[in-house]
Chemist: 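The structure that follows is given in the form of structure tokens.
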Amino acid sequence: MINSRNINGLLNCWGILFLLAAFGAALMGYKEFIPDYMLFMHFLIGVLYFMGLKISLHIHSRKGLYSLVFIYTLFISVVLRYLFWTHTGDPFGDTEGCDSYKYEAFVLQFRDMDFPAFVRNSLRLSVGNIDDMGYTSIVYFIYQLFSDMDATRNLLLVINAVAITVSAIYIYKLCIVLGIRNRVAMFASALYGFFPFFCASSAVGLKENLFCVLIVCSIYYMYRYKSSRSFGSLLLALFFIAATYFFRFAICIMLCLTFVTCMVSSSRNRSRILLLAVIAGMIFLASLEYIMYQLAGISMSHIYLVADSRMERSGGSGIVGWIVHGSAAFFGPFPNFNRLGQYGFYYSSGLLLKCLFGIFAFVGSLSVLKRFEYRYYPIVLFLFMGIFMLLGSGTSLDIRYHITSFSAFVILAAYCLDTIDLRKYVFYIYVIVSCAVVVMYNLR
């Protein structure tokens, strides 16, 4: 049986697989040129992630764990930024298609304007897309303090490390609120806080770290308000939900639906609410064309065309493309060991672990529905809405679109580890299948 008592063995399995994949890719040859400093960081980040998770199983001080999360995040992001400057002469590693260049371009172009004028002009250049205004505004305000972009970038590294640490704290609190035991909650906090993508995201100047702390805090204060009916908790929940509107509109809508589910779910209606959810889902799908046009001004046919285009570029088109993206939406995205994948090579260790732990999140979700664990309904809903968005947009191979529901993934995996005795043979069959998929993905 696999449960919280032998998480240590699961980590050892992952560590061995990571080393085999990394050395196997080196022996077989990379699909593109990968500089030595990237190879070094690829191994260093994987080793430190492994060590951080191992420590979380034995450390008793939560403050000590959160301090390690902060130091780890800041250290890796600072080292990456230094290496970017040294080897590319660019703060973001000359990363193709990176949104951070756009954030800074808007700030530098409109730096002499007041904030309302800055927002109007930024929206004009981005054709009314409000999804990036949250992080762009943060860059704008920090730049106003220093009038120096290098100082702004450096302070943002610290702010990002703080954001991930706060997220890890609230992941732990959510686990405790939901009844998960302390040791597993500590591990879940570490699994989230040490996740390598966050360090890379900070180093290349992206918005996901600050975005995710808003999401985690939104969900936590939903539960706080449900249990305490405190006006302060309600205000904080609504504030964090509203703030996500300026990072990604779809996530704001998902959080609103999650809040409603959190409020209406109870022991009295725990079976009935699932039936209502199925009916509501069917109505939603039937009305999706109208909803998308009214909210976003785009048709579903346009969304399908964009999704097909993305799928063709990443995982192939047609039935093969849907199989790749469908499996990636539930259990991925898959790690790159022989390609850069933009900057994904740095955090391949984290993606491999996410693939292996996908079985726990999936079984945890099914167990919640089977056992009518109504307290977890909002978490399951948020995760499955995220999966639906990945499939609908053709972005299931991009961790930036997974990361918004990663908190739900971690909590459900922790719930499974804490309450369900998963047969070892089930886990190892899953590991074999997952490894086969990862190998085929890397050999494409």
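Note that these values count all heavy atoms, side chains included, but never hydrogens, waters or copies made by symmetry.
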Chemist: What closest approach, in Å, do Ile180 and Ala414 show between heavy atoms, and which atom pair accounts for it?
Modeler: CD1-CB, 4.0 Å

Chemist: Identify the heavy atoms of Leu65 and Ala190 that sit nearest to each other, and give their distance.
Modeler: CD1-CB, 4.2 Å

Chemist: In terms of heavy-atom contacts, does OH of Tyr82 have more than 12 from other residues, nucleotides or ligands at under 6.0 Å?
Modeler: no

Chemist: For the residue pair Lys63 and Tyr66, would you count it as a cation-pi contact if the rule is NZ or CZ under 6.0 angstrom from the ring centre and within 45 degrees of the ring axis?
Modeler: no

Chemist: Would you call Lys207-Asp99 a salt bridge at under 4.0 Å N-O?
Modeler: no

Chemist: With the threshold set at 4.0 Å, does a side-chain nitrogen-carboxylate oxygen contact exist between Arg248 and Asp131?
Modeler: no

Chemist: With Tyr170 as reference, evaluate Tyr221, Tyr220, Tyr192 under the side-chain hydrogen bond (donor to acceptor under 3.5 Å, both in side chains) test and give the passing residue.
Modeler: Tyr221

Chemist: If you draw the axis of the six-membered ring of Tyr377, does the NZ or CZ of Arg375 fall within 45° of it and under 6.0 Å from the ring centre?
Modeler: no

Chemist: With Lys354 as the cation and Phe409 as the aromatic partner, state whether NZ or CZ is under 6.0 Å from the six-membered ring centre and within 45° of the axis.
Modeler: yes

Chemist: With a 4.0 Å cut-off, would you call Glu104 and Arg153 a salt bridge?
Modeler: yes

Chemist: Are the side chains of Met389 and Met254 in contact, using a 4.5 Å heavy-atom criterion?
Modeler: yes

Chemist: What distance do Met41 atom CE and Tyr343 atom OH have between them, rounded to the nearest 0.5 Å?
Modeler: 15.0 Å

Chemist: So does Phe239 have more than 12 non-hydrogen atoms from other groups sitting under 6.0 Å from CZ?
Modeler: no

Chemist: Checking the side chain of Thr73 only, and the main-chain atoms of Val69 only, is there a donor and an acceptor separated by less than 3.5 Å?
Modeler: yes

Chemist: For Phe195 and Ile403, what are the C-alpha separation, side-chain angles and deciding distance, and is it a side chain to side chain contact (heavy atoms under 4.5 Å, CB included)?
Modeler: CA-CA 10 Å; Phe195 194 60; Ile403 204 67; 3.8 Å; yes

Chemist: Sort out for me which residue in Thr404, Val260, Ile219 forms a side chain to side chain contact (heavy atoms under 4.5 Å, CB included) with Leu255.
Modeler: Ile219

Chemist: Please find the pair of heavy atoms, one from Arg400 and one from Phe197, that lie closest to each other, and give the distance.
Modeler: CG-CZ, 3.9 Å

Chemist: Can you say whether the rings of Tyr49 and Trp14 are parallel (under 30°), tilted (30 to 60°) or perpendicular (over 60°)?
Modeler: perpendicular

Chemist: May I ask you to check whether Tyr101 and Asp90 show a side-chain donor-acceptor distance below 3.5 Å?
Modeler: yes

